[in-house]
Every structure is written in structure tokens, then in C-alpha cells.
Number of protein chains: 2
Amino acid sequence: MAMDKKENFNQFYEKFLNLAKNYGHYDSSQREVILRVLYHSNAHLSADEIACRARKYIRISLPTVYNTLNFLENLGLIHTLVLPPFKTKTYKLKLDYHDQLVCIKCGTAMPFCDKKLREKESEILQNYNFTAINRTIILYGVCFSCQKKQR
Amino acid sequence: MAMDKKENFNQFYEKFLNLAKNYGHYDSSQREVILRVLYHSNAHLSADEIACRARKYIRISLPTVYNTLNFLENLGLIHTLVLPPFKTKTYKLKLDYHDQLVCIKCGTAMPFCDKKLREKESEILQNYNFTAINRTIILYGVCFSCQKKQR
DNA sequence: CTATGTGCAAAGGCTTTGCAAACGG
DNA sequence: CCGTTTGCAAAGCCTTTGCACATAG
């Protein structure tokens, strides 16, 4: 499922349905809204945040959010992350295959691409007999605007 | 607190006491054993694993393990990590800066160190005005034994 | 009609808290 | 002695599960 960030949600959703129906997926308004919320967020979101945003449009329970997130995760469409203070999982759609710089304060993800970093990664994975799957390199730090706030 | 891996535990523990007493630390056999366990593990350990290993030497409760880990974390002596399946925090002394290769199937974490990868990371963080905090590079893939199982 | 999704309530699992007793300095 | 640490039990939080009902195909 090649997803280009520039396409709009409807195009994305159609692709999703095509992929998901092979895995016994039945359409529901809850799942559509969850995908819509994820699609329009640049940051990683917790299940609770996703539920809150979805509730602007529909009634939805937390177990349903988790159910859908786990379904998406199994399809390989979700990137999961646990940031300090390490209490909650956060989720983000894998819309593209860029590497990311993630701010552990605000969750902002900044995509970047560095060829030499990629080469280094390949080399290391190979050295340890690891197969690369769905390769995404994520570097963590504190972004400039959060650095300013701290002072 | 510069900790060189080659020094033995007693030297390390003496340094720790020196640092910790400034933070109201009272010595206890439980804390000493926890530090001993952490000192002798290359991998990140969960609180439960730490408790199990410590219980070979003393009686110790889980809240005490957490209490000590949080104390060490506040002192900046601990590196914390949450790996797939994202259920438990794992802890490791910051004796050195281990990067990790994580198998997304079985969760095995294999520490590695690659100087050039580190340099690349620094460069990229700087380029985007990110401050590096708790620096650990984590690469994900499928380890050799899980590759074999899949076939 | 059958398989899947939903919501509720309850259970699970990891981590923290409150408190009395034990201990260190 | 006073402040800190310990263990126990209980509480908190996030996430999952069981089940009856609703809905999609």
C-alpha cells in the first residue's frame, strides 16, 4: 500500500479498504473516523487522544479504538511509539517511508532522509543477520521550540 | 559520574555512594543488590527481572525495586527503554551508550555500537536544531532465528 | 444468514501510593 | 532520634477480554 502524503483522505481510505478487505475487514463509521483522525495528525497520538478527536464526529468507546489500532498494527500500517514518561503507547499512520526525527516533548515528527545513515543501517542489520522490514529510522531528541519553552 | 566499564563493581558502588549521599540517600542492602544486578547486565532489564535476579541474594519487594529505579532515574544514572510489545519499561545503567537492534517478532534486543552511525546521528540532530536527550539509536528488523521460523 | 464490529463491564498487568515497622547515620 | 527505606496491601492507569447486541456483506 504505497501512500503518498499529498493524496487526500478519500483516496487513502479507498486504498485502505482494498487492502483491508483481504483480512476480513468490515467497514464501520468508527474505523473510518479513526483513520481520518490518524490521517490528519502529524504527531503520534495516544488511544485516548484518538478517541477524543473521533468523538467530535461519532460516539466511540475506548475498546473500539484499541481494537482498530491493533487491527491496523497487524496490517503494518501503524507506527507505534512509547515516549517519556513511558505510560502510554502512541500511534501514527505510516503514510510514507521517510525516516523521522521525533521530539520527545511535543511528539512532533520531522521526516528526513539521509542516504549515508541508511547505508550504515543496512550494514549493521546485515552484520547481525537481521532482515530489515518496513524500514524506518527514528531518532529522538528535543525540538527547537520545546528547547525554548524549557528555559 | 564517569563510569568506565572496566572498573569493578566496588569501585563503581563507591562512586555511586558519593554521588547519592548528596541526594539524601541512605544505604541499604536492597539498593546495593539492585545496583549490582544492573551493573552486571548488558541488556535492558524489567523491574520484574531485576527483582528475580536480586532475590538470589536477598529478600526484596517489587515496590522497592521501582522505588530504587526511580531514584536512580532521577539521578540520571539509568537509561529507560520500552520495546515491543510495549508492555514494560526496561532499565539499564548508563555505563556506556549502547544502541540496540530490536527484533520486532520476538523482542530480542541486541546491543551494538557503531561510531560512524553515532556521528551521523549527531549531524542530523544538529541540522534540525534538535537537542539529543537520552541518546539511543534503535534499529528494527527480524532476527535470524525468527527468519528461520517464518519459513 | 454469517462473520465482524461495537459498547459495556470487568479483568489483567505494570507501576505507584499509603502506612506502619525497620533501619541508617 | 530523625529521616529514609522497606514490605504489604491497595489503588491507579492503560489495555485487553467476554459477551450480548448491532451491523456489514
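When reading the values below, keep in mind they use all heavy atoms of this one structure, side chains included, and skip hydrogens, waters and symmetry mates. Just so it is clear: chains get the letters A, B, ... in the order the sequence lines come, proteins before strands, and each one is counted from 1.
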Any donor-acceptor pair under 3.5 Å linking the side chain of B:Gln11 with the backbone of B:Asn8?
-> yes
Nucleic acid contacts of residues 29-38 of chain B, taken as heavy-atom distances under 4.0 Å to DNA chain D | B:Gln30, B:Arg31
Should we say atom CD of B:Glu119 is surrounded by more than 12 heavy atoms from elsewhere, each under 6.0 Å from it?
-> yes
Rounded to the nearest Å, what distance is computed from the CG atom of residue A:Leu69 to the P atom of nucleotide C:dT6?
-> 11 Å
Pair B:Tyr13, B:Asp27: side-chain N/O donor-acceptor within cut-off below 3.5 Å | yes
Going by heavy atoms closer than 4.0 Å, what residues in residues 51-66 of chain B are next to DNA chain D?
-> B:Arg59, B:Ile60, B:Ser61, B:Pro63, B:Thr64
Look at the rings of A:Phe9 and A:Phe12 and say which category their plane angle falls in: under 30° parallel, 30 to 60° tilted, over 60° perpendicular.
-> tilted
CA sep, side-chain torsions, deciding dist, call: B:Ile78, B:Lys94, side chain to side chain contact (heavy atoms under 4.5 Å, CB included) | CA-CA 5 Å; B:Ile78 287 277; B:Lys94 282 186 187 171; 6.0 Å; no
Those residues of residues 20-28 of chain B lying under 4.0 Å from DNA chain D by at least one heavy atom = B:Gly24, B:His25, B:Tyr26, B:Ser28
Identify the heavy atoms of B:Leu62 and B:Arg55 that sit nearest to each other, and give their distance.
-> N-NH2, 3.9 Å
Check B:Ile58 against B:Ser29 and note the closest heavy-atom contact, atom names and distance.
-> CD1-O, 4.0 Å
Integer-rounded Å distance: C:dG13 P and A:Lys89 NZ | 15 Å
Spacing of B:Leu45 atom CG relative to C:dC14 atom P, expressed in whole Å | 15 Å
Between the main-chain N or O of A:Thr90 and the side-chain N or O of A:Ser46, is there a donor-acceptor pair closer than 3.5 Å?
-> no
OP1 or OP2 of C:dT16 under 4.0 Å from side-chain N/O of B:Asn67 = no
Pair A:Gln30, A:Thr64: side-chain N/O donor-acceptor within cut-off below 3.5 Å = no
Does any pair with a residue in residues 47-84 of chain A pass ring-ring contact (aromatic ring centres under 6.0 Å, His included), and if so which ones, sequence neighbours excluded?
-> A:His25-A:Phe71, A:His44-A:His79
Distance-only donor-acceptor hits, side chain of residues 123-130 of chain B, under 3.5 Å, sequence neighbours excluded:
residue  : atom : partner  : partner atom : Å
B:Glu123 : OE2  : B:Lys120 : NZ           : 2.7
B:Asn127 : ND2  : B:Glu123 : O            : 3.4

Lys/Arg N to Asp/Glu carboxylate O, A:Arg53 vs A:Glu49, below 4.0 Å | no
Mind checking B:Asp48 for me? I need base, sugar-phosphate or nothing, with any heavy atom below 4.0 Å counting as a touch.
-> nothing
Could you give the start and end, 5' to 3', of the contact zone on DNA chain D for chain B, using atoms under 4.0 Å from its heavy atoms?
-> D:dG3 to D:dT16
Heavy-atom closest pair (A:Val65 atom, A:Ala47 atom, distance to 0.1 Å) is CG1-O, 3.7 Å
